[in-house]
Amino acid sequence: MTILTPLPDNTQPTDHPPTSNWRKYFSFSHDHKVIGIQYLVTSFLFYLIGGALAAAVRTELATPASDVVSPELYNSLFTLHGTVMIFLWIVPATAGFINYLVPLMIGARDMAFPRLNALAFWIIPPAGVLLMASFFVTGGAAGAGWTSYPPLSTMSPKAGELIWILSVLLLGSSSILGAVNFVVTIWKMRHPKMGWNDMPLVCWASLATGVLILLSTPVLAGALILLSFDLIVGTAFFNPTGGGDPIVYQHMFWFYSHPAVYIMILPVFGMISEIIPVHARKPIFGYRAIAYSSLAICFLGLIVWAHHMFTSGTPPWLRMFFMFATMVIAVPTGIKVFSWVATLWGGKLNLNSALFFAMGFVSMFVIGGISGVMLAAVPFDIHVHDTYFVVAHFHYVLFGGSVFGIYAGVYHWFPKMTGRMMNETLGKIHFALTFIGFNLTFLPMHKLGLDGMNRRIAEYDPKYATINMICTIGTYLLAVSTFPFLINAVWSWIKGEKALANPWKGLTLEWSTSSPPPEENFEEEPVILCHPYAYGKRPQVAPPSNLDAGATSLST
Amino acid sequence: MTGSTLDPSQAELIVTAEETGHHAHPDLRITGVLVFLVAEAMIFLGLFTAYLTFRAVAPVWPPEGTPERELLLPGINTAILIASSFVIHNADTAIKKNDVKGMRLWFGLTAAMGAVFLAGQLVEYFNLEFGLTTNLYASTFYVLTGFHGLHVTFGLLLILAVLWRSLKPDHYNSKHHFGIEAAEIYWHFVDVVWIVLFFLLYIL
C-alpha cells in the first residue's frame, strides 16, 4: 500500500516569468496548459454571450405582454441561450480545467496526444461563431429549443436549424476527441508511484467524464444525422406520416443529454473535492467513497435518460424503472455532499473567495439535487412538466452547481495558471453579488412553476407578473456580478501580486512545481510522498528506500 | 531513518535525493485508437438501436411495397470484406518480420478488396428499385449502409496513406509500425460493423 506524499515547497515566489508572452494563447500550441487556458477564456467569452441572451429573454419576460422582441426571435433567444451555455460554456470550461490540471496532477509532462488536444480546442471557436452567425440567416437562428425536438424542429426555418445541427455536431466531435485524450492520459500516464487510489479526485471525476462522453455523445451525433436527413432530403425517420417515430429522436437525444448533465457536473465535483480539503486544512472525508461514487454516477447517468420523457407517452412500467433508477442517483451524489460537509466540519477554514464559491456550490447544488429527486417522481413530474419548476431545478444544478464550481476553480487555480494572486475583496464582492443575484433569479421560479407557468413562452398570464419581475431584476444583478470578476481576472493577470508556487499549501502535484509551471510541467520528476489529502496526518510509510541517503538529513 | 517525523514542509529536502529526469511513457497511440473506436461503436449502436425500434414499432417490415432486395451481390461483397480482414492481418505479421515488401503486398491487396466492396455497394445502389425517401426501410437502409461506406472509404484512405508513407526508406520496421497497426485495427472494426449491419438489414 502506498501512501505517498507530494511536495509542497513553497516559500519563494517563482523565478519563471509569469505568462510573459500573451501571443502564445492565440497560437496552435500543443502545451496542455496553454490549451486549458484557451478553453477557459473562450468558454468565458461565450458565457458572456449566453448571459446576454438570458438577459434578453428575461427582459421580454419582465412584463406579461410580448412586447420587446418578436415571438420568433424570442424562441431563437432561449434556444441559443441553452445551446451556448451547455455546449460553449460549461462543457468547454470544465474541459479546460481537466486539460490544465490532469497532466499536472498525475505528474505527466503533457496529455497523451498533445496535437489532438489542440485540434479538439480549435474546433470550438469556429463552431461557436457559426452558431451565433445563424441569427443573421433567413428565418433566423434555430427556435425549437435546445432539445430541437421534431416535428417542431423539422417544421421551423431550415437554415438556422441546420446551422444549429452542424455546430452541435462539431462541438460534439471536439468533446469526443478531448475525451479520448482524458481517458488515455489518466489511464496510462500516471506517475509510476501513483496507484488508482492515490489519484487526486479531479482525475477520478475526469475519467468518469471522459467515459460518459465516449459512450453518450456519439448517440447524439446519430440522432442529429438522422434529423438532418429529415430536414434536407425529406426522409421520415421522425415523421409519423412516413412511418417514423419522433419519440425515437427523444430517446437518442436524451441518451446523450441526460449524461451531459453529469459531463457538466462531474469535473466540478472533482474540483470541489480538491478545493474544500485544501482550504479547510483537513483530509478529505471518505476519499474512496468520493472516487467510486463518480463511477457510480457515470453508470447510473447512462440508464436514466427517459425520465425526461415521462409525459411523452412512455409506458407506465418503463416509467417505474426510470423513476427508481433516477432516485438512486441521489445516493452517490449524497455521499459526495456528506463527504464535503464532513470535510468542512471542524476544519480550520481559510475563508477566501475559492472556499466561498465552493460552499456556495455545495449549498445551491443540494437545493437543485432535492428538486431533482422531486422531479424524478413520476406523478410530481407530470404535474410540473415543462413549467418554471423544471427551469429552476436545472439552473440550481447547472448555475448553482457547475458555474459556482467553475468560479471556485478559477479562484483556486488562478495563481497556478498565471503566477499572480487574485484580489480577495473583489472576489468576495463577486461572490456576494452572484449568490444574491442567482437566488433572486431562480428561487422564485419554483413558485412560478408550481403555480403552473409554462416555460418557453413569451407572453403569460398577468397573475405571474410580480414574481417574473423579481426574477428579471435578479438576472440584471447576476449580469452586474460578472463585472467584479472580469475586472479582477484581467487586472490580477497583469498586475496582481506575485504568487508563490503553493499559495494554499496544497498537497497535490500541481502545487509542487512553479507558478506558472515551466514547459513540460516539472523541472524534475516529481516525488510523491503521501496521499494527496493527508493534511495534518503523519506519513504512513517511510519515503522510498532509494532516498535513504538524502533522507538522513531529516533524522533530527 | 525516522520517517514518522517527516512533515510536508521539509519534504523539499528529499527532492535532492531523487534522480532527475522524467519516466518514459510507452507508446499510447494504439490505446488512443481503441478508446476512439469505443465512440465509433456507440454511434453505430445508436443508429442500430434506432433501426430496431423503427422496425419493432412498424406493423409490417419492410413496409409494404418495398421491392425485393438482391442478396447475391451484397453476399459476395460481405465475403470480400470478411476475407480482407484476414488479408490485412498478414501485413502485421509481415512488418513484425521487417518485411516491408510483404506488408505493401498485403495492404495493396486489402485496398483493392476495399475498393471492390465500395464499387459493389455503388452497383447495388444503382440497381435498387427504391430511393432514399421511398419509405422508412429505404431511408434507414441508405443511411446505415452509406454511413458504413463512408467509414470504408476512410479506412481505404488510411491504407493508401500507409502505403504512401512506406515508400520512404525505413519508415516502418518491426518496432515502429503504428500507422500499419492503426489502419488494421480500424479495418477490422469496419468489418465487424458490416457483419452486424448485414445481419440486421439483409438477413433478419
Side-chain angles (χ1 to χ4, degrees), chain A residues 5 7-9 108-109 112-113 116 176 179-181 183-184 187-189 191-192 214-219 221-223 225-226 229 233-237 242-245 248 251-252 255 505 507 520 522 524-525 527 529-530 538-539 541-543 546-556, chain B residues 1-23 25-29 31-51 53-54 57-61 63 131-140 142-143 147:
Chain A
T5 207
L7 297 177
D9 159 30
R109 275 176 284 186
F113 311 112
L116 186 71
I176 289 172
V180 170
N181 232 334
V183 170
V184 177
W187 180 12
K188 295 275 182 177
M189 289 180 68
H191 188 285
L214 287 173
L215 294 179
S216 65
T217 315
V219 178
I225 289 168
L226 296 184
F229 270 97
V233 291
T235 52
F237 293 115
D245 188 355
V248 172
H251 278 291
M252 294 177 85
F255 187 79
K505 306 249 180 289
L507 292 176
E520 305 214 318
F522 302 96
E524 292 158 341
E525 172 114 31
V527 181
L529 292 171
C530 77
R538 288 176 164 193
V541 291
N546 63 343
L547 296 181
D548 279 352
T552 46
S553 58
L554 286 177
S555 12
T556 45
Chain B
M1 171 64 225
T2 52
S4 59
T5 58
L6 183 69
D7 106 36
S9 68
Q10 287 178 300
E12 67 192 79
L13 295 172
I14 289 172
V15 134
T16 53
E18 175 66 300
E19 54 182 343
T20 56
H22 287 61
H23 59 280
H25 293 293
D27 191 343
L28 301 174
R29 289 177 296 178
T31 321
V33 171
L34 293 172
V35 172
F36 175 71
L37 287 181
V38 171
E40 283 272 43
M42 282 310 293
I43 193 169
F44 278 106
L45 202 65
L47 292 173
F48 291 162
T49 316
Y51 169 81
T53 316
F54 291 140
V57 173
V60 204
W61 194 266
L132 183 55
T133 54
T134 306
N135 60 33
L136 195 59
Y137 171 78
S139 307
T140 41
Y142 279 111
V143 168
F147 194 58

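Proteins get letters first, then strands, A, B, ... in listed order; numbering begins at 1 in each. Values reported hereafter were calculated over all heavy atoms of this structure, with side chains retained and with hydrogens, waters and symmetry mates removed.
- Looking at F237(A), both its backbone and its side chain come within 4.5 Å of chain B, counting heavy atoms on both sides.
- Taking T49(B), T140(B), V57(B) one by one and counting their heavy-atom pairs under 4.5 Å with chain A, the maximum is reached by T140(B).
- Only the side chain of F147(B) comes within contact range of chain A, judged by heavy atoms closer than 4.5 Å.
- Ranked by heavy-atom pairs shorter than 4.5 Å toward chain B, the options S216(A), P218(A), G242(A) are led by P218(A).
- At least one side-chain heavy atom of T235(A) sits less than 4.5 Å from a side-chain heavy atom of L132(B).
- Note on L34(B), I43(B), N135(B): by heavy-atom pairs under 4.5 Å with chain A, the leading option is I43(B).
- The two residues A39(B) and I176(A) make their nearest non-hydrogen contact at CB-CG2, 3.8 Å.
- Note: V143(B) leads T53(B), V143(B), V38(B) in heavy-atom pairs under 4.5 Å with chain A.
- Residues M252(A) and A50(B) share a closest heavy-atom pair of SD-CB, 3.8 Å.
- Contact annotation for L215(A): both backbone and side-chain heavy atoms come within less than 4.5 Å of a heavy atom of chain B.
- In this structure, chain A has no heavy atom under 4.5 Å from any part of A58(B).
- In terms of heavy-atom pairs under 4.5 angstrom with chain B, the leader among V219(A), T217(A), V180(A), I225(A) is V180(A).
- The two atoms that bring M42(B) and L214(A) nearest to each other are CG-O, 3.7 Å, heavy atoms only.
- Using a 4.5 Å cut-off between heavy atoms, T31(B) touches chain A through backbone and side chain atoms alike.
- Considering every non-hydrogen atom in both A112(A) and L28(B), the closest pair reads CB-CD1, 3.8 Å.
- Note that the CZ atom of F36(B) and the CG atom of L116(A) stand 9.0 Å from one another [nearest 0.5 Å].
- Using a 4.5 Å cut-off between heavy atoms, V233(A) contacts chain B through both its backbone and its side chain.
- No other option in L45(B), T133(B), T134(B) has as many heavy-atom pairs under 4.5 Å with chain A as T133(B).
- In plain terms, the two heavy atoms of R29(B) and F113(A) that are nearest each other are CA-CE2, 3.7 Å.
- Looking at heavy atoms from C-beta onward, V35(B) lies out of side-chain contact with N181(A) at the 4.5 angstrom threshold.
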